[in-house]
Amino acid sequence: MTDRSVEGKGNMQEKKITIIERATEIIAKKGYHATSIQEIAVASKLSKGAFYLYFKSKEELMAEILRYHIRLITEEIEKVDQLDLDSREKAKLRLATMMRELVKRGNFIIMQRHDIDSDIGKEMELFFLEEMEKGRRKTELDLLEVYGEESKAYLKDLRILQEGILAQIIGDMLLHGLILDLDKTASYILERMDDMVEGLLKRKAEPLVTDATPVSASIFEKEMKEREVKLVLERMQVVILKLDAEVQEVQELQGVVELIQEELQKKEPRKLLIQGLSANFKGIKELDALRRELARLLDIKVL
(Lines give C-alpha, C1' and ligand atoms only; values in the text may rest on other atoms or scores of the structure.)
Protein backbone atom coordinates (compact mmCIF):
# COMPACT_ATOMS: atom_id res chain seq x y z
CA MET A 1 0.00 0.00 0.00
CA THR A 2 1.46 3.38 -1.02
CA ASP A 3 1.82 6.38 1.30
CA ARG A 4 -0.72 8.20 -0.84
CA SER A 5 -3.34 5.45 -0.50
CA VAL A 6 -2.80 5.36 3.29
CA GLU A 7 -3.17 9.12 3.44
CA GLY A 8 -6.33 8.89 1.33
CA LYS A 9 -7.87 6.34 3.67
CA GLY A 10 -6.94 8.50 6.64
CA ASN A 11 -8.62 11.55 5.10
CA MET A 12 -11.69 9.45 4.27
CA GLN A 13 -11.97 8.30 7.88
CA GLU A 14 -11.51 11.85 9.20
CA LYS A 15 -14.29 13.09 6.94
CA LYS A 16 -16.59 10.27 8.05
CA ILE A 17 -16.00 11.26 11.68
CA THR A 18 -16.80 14.89 10.82
CA ILE A 19 -20.07 13.82 9.18
CA ILE A 20 -20.94 11.63 12.18
CA GLU A 21 -20.30 14.47 14.65
CA ARG A 22 -22.20 17.10 12.64
CA ALA A 23 -25.10 14.70 12.10
CA THR A 24 -25.22 13.90 15.82
CA GLU A 25 -25.55 17.61 16.64
CA ILE A 26 -28.33 18.22 14.13
CA ILE A 27 -30.31 15.06 14.94
CA ALA A 28 -30.11 15.85 18.68
CA LYS A 29 -31.79 19.20 17.97
CA LYS A 30 -34.29 18.25 15.27
CA GLY A 31 -34.79 14.50 15.55
CA TYR A 32 -33.82 11.78 13.08
CA HIS A 33 -36.84 11.94 10.79
CA ALA A 34 -36.85 15.75 10.60
CA THR A 35 -33.16 15.91 9.61
CA SER A 36 -32.31 15.79 5.91
CA ILE A 37 -29.17 14.52 4.22
CA GLN A 38 -28.85 17.97 2.65
CA GLU A 39 -28.59 19.59 6.11
CA ILE A 40 -25.98 17.07 7.23
CA ALA A 41 -23.97 17.55 4.03
CA VAL A 42 -23.97 21.35 4.35
CA ALA A 43 -22.91 21.18 8.02
CA SER A 44 -20.10 18.80 6.99
CA LYS A 45 -19.03 21.13 4.12
CA LEU A 46 -19.99 18.60 1.47
CA SER A 47 -22.33 18.51 -1.48
CA LYS A 48 -25.30 16.17 -1.16
CA GLY A 49 -23.76 13.96 -3.85
CA ALA A 50 -20.44 13.78 -2.01
CA PHE A 51 -22.24 12.59 1.14
CA TYR A 52 -23.00 9.29 -0.63
CA LEU A 53 -19.28 8.63 -1.08
CA TYR A 54 -19.13 8.10 2.69
CA PHE A 55 -22.56 6.66 3.54
CA LYS A 56 -25.08 4.88 1.32
CA SER A 57 -28.07 6.26 3.21
CA LYS A 58 -29.21 8.13 6.29
CA GLU A 59 -29.98 4.75 7.90
CA GLU A 60 -26.37 3.63 7.41
CA LEU A 61 -25.14 6.94 8.86
CA MET A 62 -27.37 6.48 11.92
CA ALA A 63 -25.96 3.00 12.47
CA GLU A 64 -22.42 4.40 12.27
CA ILE A 65 -23.31 7.17 14.73
CA LEU A 66 -24.35 4.52 17.25
CA ARG A 67 -21.26 2.39 16.71
CA TYR A 68 -18.90 5.37 16.83
CA HIS A 69 -20.11 6.86 20.11
CA ILE A 70 -20.66 3.54 21.89
CA ARG A 71 -17.18 2.38 20.86
CA LEU A 72 -15.52 5.54 22.21
CA ILE A 73 -17.43 5.38 25.50
CA THR A 74 -16.61 1.68 25.88
CA GLU A 75 -12.91 2.24 25.14
CA GLU A 76 -12.60 4.83 27.91
CA ILE A 77 -14.29 2.57 30.46
CA GLU A 78 -12.11 -0.37 29.40
CA LYS A 79 -9.02 1.74 30.09
CA VAL A 80 -10.17 2.05 33.71
CA ASP A 81 -10.69 -1.72 33.91
CA GLN A 82 -7.01 -2.22 32.98
CA LEU A 83 -5.72 -0.08 35.88
CA ASP A 84 -4.15 -1.72 38.91
CA LEU A 85 -6.62 -0.42 41.52
CA ASP A 86 -8.68 -2.06 44.23
CA SER A 87 -12.27 -2.83 43.30
CA ARG A 88 -13.74 0.16 45.15
CA GLU A 89 -11.40 2.76 43.65
CA LYS A 90 -11.90 1.23 40.23
CA ALA A 91 -15.69 1.37 40.64
CA LYS A 92 -15.50 5.03 41.63
CA LEU A 93 -13.26 5.91 38.69
CA ARG A 94 -15.47 3.86 36.35
CA LEU A 95 -18.54 5.87 37.42
CA ALA A 96 -16.72 9.19 36.98
CA THR A 97 -15.40 8.14 33.56
CA MET A 98 -18.82 6.98 32.41
CA MET A 99 -20.47 10.26 33.46
CA ARG A 100 -17.68 12.29 31.87
CA GLU A 101 -18.06 10.44 28.56
CA LEU A 102 -21.86 10.68 28.60
CA VAL A 103 -21.75 14.42 29.29
CA LYS A 104 -19.05 14.92 26.63
CA ARG A 105 -21.32 13.11 24.15
CA GLY A 106 -24.43 14.92 25.29
CA ASN A 107 -25.79 15.36 21.76
CA PHE A 108 -25.56 11.61 21.20
CA ILE A 109 -27.36 10.85 24.48
CA ILE A 110 -30.16 13.31 23.72
CA MET A 111 -30.43 11.97 20.17
CA GLN A 112 -30.64 8.29 21.09
CA ARG A 113 -33.20 8.88 23.84
CA HIS A 114 -35.71 9.80 21.15
CA ASP A 115 -34.66 8.09 17.96
CA ILE A 116 -33.94 4.42 18.59
CA ASP A 117 -37.03 2.88 17.05
CA SER A 118 -38.02 0.22 14.57
CA ASP A 119 -38.47 2.78 11.78
CA ILE A 120 -34.71 3.35 11.63
CA GLY A 121 -33.64 -0.23 10.98
CA LYS A 122 -33.78 -3.66 12.58
CA GLU A 123 -30.03 -4.30 12.45
CA MET A 124 -29.20 -0.98 14.13
CA GLU A 125 -31.89 -1.45 16.76
CA LEU A 126 -30.61 -4.95 17.54
CA PHE A 127 -27.03 -3.67 17.82
CA PHE A 128 -28.17 -1.04 20.32
CA LEU A 129 -30.13 -3.59 22.35
CA GLU A 130 -27.14 -5.95 22.39
CA GLU A 131 -24.91 -3.17 23.72
CA MET A 132 -27.45 -2.34 26.43
CA GLU A 133 -27.58 -5.99 27.45
CA LYS A 134 -23.77 -6.14 27.65
CA GLY A 135 -23.80 -3.02 29.80
CA ARG A 136 -26.31 -4.50 32.24
CA ARG A 137 -24.29 -7.70 32.64
CA LYS A 138 -21.07 -5.69 33.11
CA THR A 139 -22.63 -3.48 35.80
CA GLU A 140 -23.80 -6.50 37.79
CA LEU A 141 -20.33 -8.07 37.65
CA ASP A 142 -18.75 -4.79 38.77
CA LEU A 143 -21.16 -4.54 41.69
CA LEU A 144 -20.38 -8.13 42.69
CA GLU A 145 -16.68 -7.29 42.67
CA VAL A 146 -17.21 -4.34 45.02
CA TYR A 147 -19.75 -5.85 47.44
CA GLY A 148 -18.86 -9.53 47.37
CA GLU A 149 -20.83 -12.76 47.39
CA GLU A 150 -23.22 -11.63 50.14
CA SER A 151 -24.65 -9.06 47.70
CA LYS A 152 -25.28 -11.64 44.95
CA ALA A 153 -29.00 -12.00 45.65
CA TYR A 154 -29.46 -8.24 45.22
CA LEU A 155 -27.33 -7.63 42.10
CA LYS A 156 -30.25 -6.96 39.76
CA ASP A 157 -31.90 -4.63 42.28
CA LEU A 158 -28.62 -2.77 42.84
CA ARG A 159 -27.96 -2.47 39.12
CA ILE A 160 -31.45 -1.01 38.54
CA LEU A 161 -30.97 1.48 41.39
CA GLN A 162 -27.51 2.56 40.22
CA GLU A 163 -28.66 2.94 36.61
CA GLY A 164 -31.63 5.00 37.79
CA ILE A 165 -29.43 7.39 39.77
CA LEU A 166 -26.99 7.76 36.86
CA ALA A 167 -29.74 8.33 34.30
CA GLN A 168 -31.38 11.03 36.41
CA ILE A 169 -28.11 12.85 37.11
CA ILE A 170 -27.02 12.77 33.45
CA GLY A 171 -30.51 13.84 32.37
CA ASP A 172 -30.49 16.83 34.73
CA MET A 173 -27.01 17.84 33.57
CA LEU A 174 -27.83 17.64 29.86
CA LEU A 175 -31.43 18.84 29.86
CA HIS A 176 -31.55 21.22 32.83
CA GLY A 177 -28.00 22.57 32.99
CA LEU A 178 -27.04 21.04 36.35
CA ILE A 179 -23.30 21.51 36.99
CA LEU A 180 -21.56 18.89 39.13
CA ASP A 181 -18.03 17.82 40.05
CA LEU A 182 -18.09 14.35 38.49
CA ASP A 183 -15.41 12.83 40.72
CA LYS A 184 -17.30 14.01 43.78
CA THR A 185 -20.56 12.77 42.23
CA ALA A 186 -19.02 9.32 41.63
CA SER A 187 -18.02 9.12 45.30
CA TYR A 188 -21.51 10.21 46.34
CA ILE A 189 -23.19 7.54 44.17
CA LEU A 190 -20.89 4.82 45.51
CA GLU A 191 -21.62 5.89 49.10
CA ARG A 192 -25.36 5.72 48.42
CA MET A 193 -24.89 2.25 46.97
CA ASP A 194 -23.03 1.34 50.19
CA ASP A 195 -26.06 2.54 52.18
CA MET A 196 -28.43 0.46 50.07
CA VAL A 197 -26.34 -2.70 50.30
CA GLU A 198 -25.94 -2.26 54.07
CA GLY A 199 -29.69 -1.72 54.50
CA LEU A 200 -30.67 -4.69 52.36
CA LEU A 201 -28.28 -7.03 54.17
CA LYS A 202 -29.19 -5.74 57.63
CA ARG A 203 -32.93 -6.16 57.05
CA LYS A 204 -32.45 -9.38 55.08
CA ALA A 205 -34.89 -7.90 52.60
CA GLU A 206 -36.40 -10.06 49.92
CA PRO A 207 -34.92 -9.10 46.51
CA LEU A 208 -37.34 -7.41 44.15
CA VAL A 209 -35.78 -8.81 40.96
CA THR A 210 -33.89 -12.11 40.68
CA ASP A 211 -33.04 -14.61 37.96
CA ALA A 212 -36.30 -16.37 38.86
CA THR A 213 -38.48 -13.28 38.43
CA PRO A 214 -41.02 -13.97 35.63
CA VAL A 215 -40.47 -11.83 32.54
CA SER A 216 -42.07 -11.64 29.15
CA ALA A 217 -39.75 -12.03 26.16
CA SER A 218 -37.72 -8.86 25.86
CA ILE A 219 -37.39 -6.95 22.59
CA PHE A 220 -33.79 -8.15 22.53
CA GLU A 221 -34.76 -11.81 22.87
CA LYS A 222 -37.48 -11.52 20.22
CA GLU A 223 -35.11 -9.87 17.78
CA MET A 224 -32.42 -12.47 18.41
CA LYS A 225 -34.89 -15.31 17.84
CA GLU A 226 -36.16 -13.70 14.63
CA ARG A 227 -32.59 -13.43 13.40
CA GLU A 228 -31.85 -17.09 14.24
CA VAL A 229 -35.01 -18.26 12.44
CA LYS A 230 -34.08 -16.20 9.39
CA LEU A 231 -30.60 -17.72 9.32
CA VAL A 232 -31.94 -21.29 9.62
CA LEU A 233 -34.31 -20.73 6.69
CA GLU A 234 -31.53 -19.19 4.60
CA ARG A 235 -29.29 -22.17 5.35
CA MET A 236 -32.14 -24.48 4.33
CA GLN A 237 -32.34 -22.73 0.97
CA VAL A 238 -28.61 -23.23 0.40
CA VAL A 239 -28.78 -26.92 1.36
CA ILE A 240 -31.81 -27.50 -0.88
CA LEU A 241 -29.97 -26.08 -3.89
CA LYS A 242 -27.17 -28.61 -3.31
CA LEU A 243 -29.46 -31.63 -3.00
CA ASP A 244 -29.06 -34.48 -5.44
CA ALA A 245 -32.70 -34.27 -6.51
CA GLU A 246 -34.92 -33.54 -9.48
CA VAL A 247 -35.35 -29.87 -10.43
CA GLN A 248 -39.06 -30.02 -9.64
CA GLU A 249 -38.44 -31.37 -6.11
CA VAL A 250 -35.83 -28.66 -5.44
CA GLN A 251 -38.28 -25.99 -6.60
CA GLU A 252 -41.06 -27.42 -4.42
CA LEU A 253 -38.83 -27.46 -1.33
CA GLN A 254 -37.69 -23.90 -2.02
CA GLY A 255 -41.36 -22.98 -2.32
CA VAL A 256 -42.04 -24.48 1.11
CA VAL A 257 -39.27 -22.34 2.66
CA GLU A 258 -40.70 -19.24 0.97
CA LEU A 259 -44.19 -20.03 2.31
CA ILE A 260 -42.76 -20.32 5.85
CA GLN A 261 -40.93 -17.00 5.41
CA GLU A 262 -44.14 -15.33 4.22
CA GLU A 263 -46.12 -16.72 7.14
CA LEU A 264 -43.53 -15.47 9.63
CA GLN A 265 -43.90 -11.95 8.24
CA LYS A 266 -47.51 -11.85 9.39
CA LYS A 267 -48.52 -10.15 12.63
CA GLU A 268 -49.69 -13.49 14.08
CA PRO A 269 -47.97 -16.39 12.27
CA ARG A 270 -49.96 -19.64 12.35
CA LYS A 271 -47.73 -22.15 14.08
CA LEU A 272 -49.80 -25.15 13.03
CA LEU A 273 -49.44 -24.13 9.39
CA ILE A 274 -45.66 -23.75 9.74
CA GLN A 275 -45.54 -27.09 11.55
CA GLY A 276 -47.36 -28.75 8.65
CA LEU A 277 -45.16 -27.08 6.04
CA SER A 278 -42.02 -28.21 7.89
CA ALA A 279 -43.17 -31.81 7.58
CA ASN A 280 -42.21 -31.57 3.89
CA PHE A 281 -38.56 -31.74 4.98
CA LYS A 282 -39.03 -35.08 6.79
CA GLY A 283 -36.87 -37.87 5.43
CA ILE A 284 -34.30 -35.54 3.88
CA LYS A 285 -31.22 -36.22 6.01
CA GLU A 286 -29.42 -33.06 4.83
CA LEU A 287 -32.28 -30.96 6.26
CA ASP A 288 -33.01 -32.96 9.42
CA ALA A 289 -30.86 -30.93 11.83
CA LEU A 290 -32.12 -27.64 10.37
CA ARG A 291 -35.81 -28.60 10.58
CA ARG A 292 -35.34 -29.64 14.22
CA GLU A 293 -33.59 -26.35 14.97
CA LEU A 294 -36.44 -24.46 13.29
CA ALA A 295 -38.97 -26.37 15.39
CA ARG A 296 -37.07 -25.51 18.57
CA LEU A 297 -36.90 -21.82 17.74
CA LEU A 298 -40.58 -21.59 16.80
CA ASP A 299 -41.72 -23.90 19.61
CA ILE A 300 -43.51 -26.30 17.25
CA LYS A 301 -43.57 -30.10 17.03
CA VAL A 302 -41.24 -32.04 14.75
CA LEU A 303 -43.61 -34.10 12.60
Side-chain angles (χ1 to χ4, degrees), residues 55-64 66-67 70-71 74 115-141 155-156 159 209-303:
F55 299 99
K56 294 177 184 176
S57 64
K58 194 167 72 167
E59 289 78 12
E60 183 181 280
L61 169 61
M62 188 67 174
E64 270 315 302
L66 274 178
R67 293 189 186 98
I70 289 175
R71 176 174 57 78
T74 301
D115 282 303
I116 302 301
D117 58 53
S118 57
D119 293 334
I120 298 171
K122 289 283 186 183
E123 288 300 314
M124 185 192 69
E125 186 181 11
L126 185 56
F127 166 76
F128 185 71
L129 292 169
E130 286 173 341
E131 292 301 314
M132 288 179 65
E133 184 66 22
K134 286 180 192 174
R136 283 192 285 269
R137 290 196 298 267
K138 177 74 164 59
T139 298
E140 289 179 18
L141 289 172
L155 287 178
K156 293 189 183 300
R159 188 257 301 164
V209 182
T210 69
D211 290 331
T213 303
V215 293
S216 60
S218 68
I219 296 173
F220 173 74
E221 289 169 330
K222 288 177 182 177
E223 293 285 357
M224 286 299 292
K225 184 167 285 189
E226 284 179 14
R227 174 185 276 190
E228 289 182 67
V229 168
K230 181 182 176 183
L231 288 173
V232 168
L233 291 170
E234 287 175 353
R235 283 159 58 198
M236 277 186 160
Q237 289 177 315
V238 172
V239 171
I240 289 167
L241 287 173
K242 295 179 180 179
L243 288 175
D244 183 16
E246 296 292 331
V247 172
Q248 185 176 346
E249 184 183 357
V250 168
Q251 290 175 341
E252 288 173 354
L253 291 170
Q254 289 284 22
V256 172
V257 174
E258 289 170 8
L259 286 172
I260 293 173
Q261 290 171 327
E262 288 174 13
E263 187 64 26
L264 289 170
Q265 292 301 312
K266 295 178 181 178
K267 189 174 181 180
E268 294 184 9
R270 293 167 290 179
K271 287 191 175 183
L272 284 176
L273 175 59
I274 296 172
Q275 186 173 287
L277 288 168
S278 299
N280 287 278
F281 305 127
K282 185 177 181 180
I284 303 173
K285 63 179 182 179
E286 294 90 342
L287 292 171
D288 191 63
L290 289 171
R291 78 184 182 98
R292 291 180 184 281
E293 178 65 7
L294 183 66
R296 183 188 69 79
L297 290 168
L298 295 177
D299 192 25
I300 60 176
K301 292 180 180 179
V302 180
L303 299 179

*Using a strict 4.0 Å threshold on nitrogen-to-oxygen distance, state whether Arg136 and Glu140 make a salt bridge.*
no
_The criterion is side chain to side chain contact (heavy atoms under 4.5 Å, CB included); which residues satisfy it with Leu259, sequence neighbours excluded?_
Glu262, Leu277
Does any N or O in the side chain of [X] come within less than 3.5 Å of the main-chain N or O of [Y], such that one atom is a donor and the other an acceptor?
X: Lys156; Y: Asp211; answer: no
X: Glu263; Y: Arg270; answer: yes
X: Gln275; Y: Lys301; answer: yes
X: Glu286; Y: Ile240; answer: no

_Evaluate Arg67 against Ile70 for side-chain contact (heavy atoms from CB on, under 4.5 Å), listing each step before the verdict._
CA-CA 5 Å; Arg67 293 189 186 98; Ile70 289 175; over 6 Å; no
*Report the residues that fulfil side chain to side chain donor-acceptor pair (under 3.5 Å) with Ser57, sequence neighbours left out, ordered by chain and then residue number.*
Glu59
Euclidean distance, [Y] [atom2] relative to [X] [atom1], rounded to 0.5 Å:
X: Leu233; Y: Arg291; atom1: CG; atom2: CZ; answer: 14.0 Å
X: Leu241; Y: Gln251; atom1: CG; atom2: CD; answer: 10.5 Å
X: Lys230; Y: Leu297; atom1: NZ; atom2: CG; answer: 14.5 Å
X: Glu293; Y: Leu231; atom1: CD; atom2: CG; answer: 10.5 Å

*Does the side-chain contact (heavy atoms from CB on, under 4.5 Å) test come out yes or no for Leu290 and Leu294, once each step is laid out?*
CA-CA 6 Å; Leu290 289 171; Leu294 183 66; over 6 Å; no
*Trace of the side-chain contact (heavy atoms from CB on, under 4.5 Å) decision for Ile284 with Leu253*: CA-CA 11 Å; Ile284 303 173; Leu253 291 170; 3.7 Å; yes
*Within a strict 4.5 Å, meaning less than it, do heavy atoms of the Arg296 and Glu228 side chains meet?*
yes
*Exceeds 12 heavy-atom contacts within 6.0 angstrom, atom NZ of Lys266*: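 Atom NZ in Lys266 is crowded, with more than 12 foreign heavy atoms closer than 6.0 Å.
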*Distance-only polar pair, side chains of Gln261 and Gln265, donor-acceptor under 3.5 Å*: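 Side chains of Gln261 and Gln265: no pair found under 3.5 Å.
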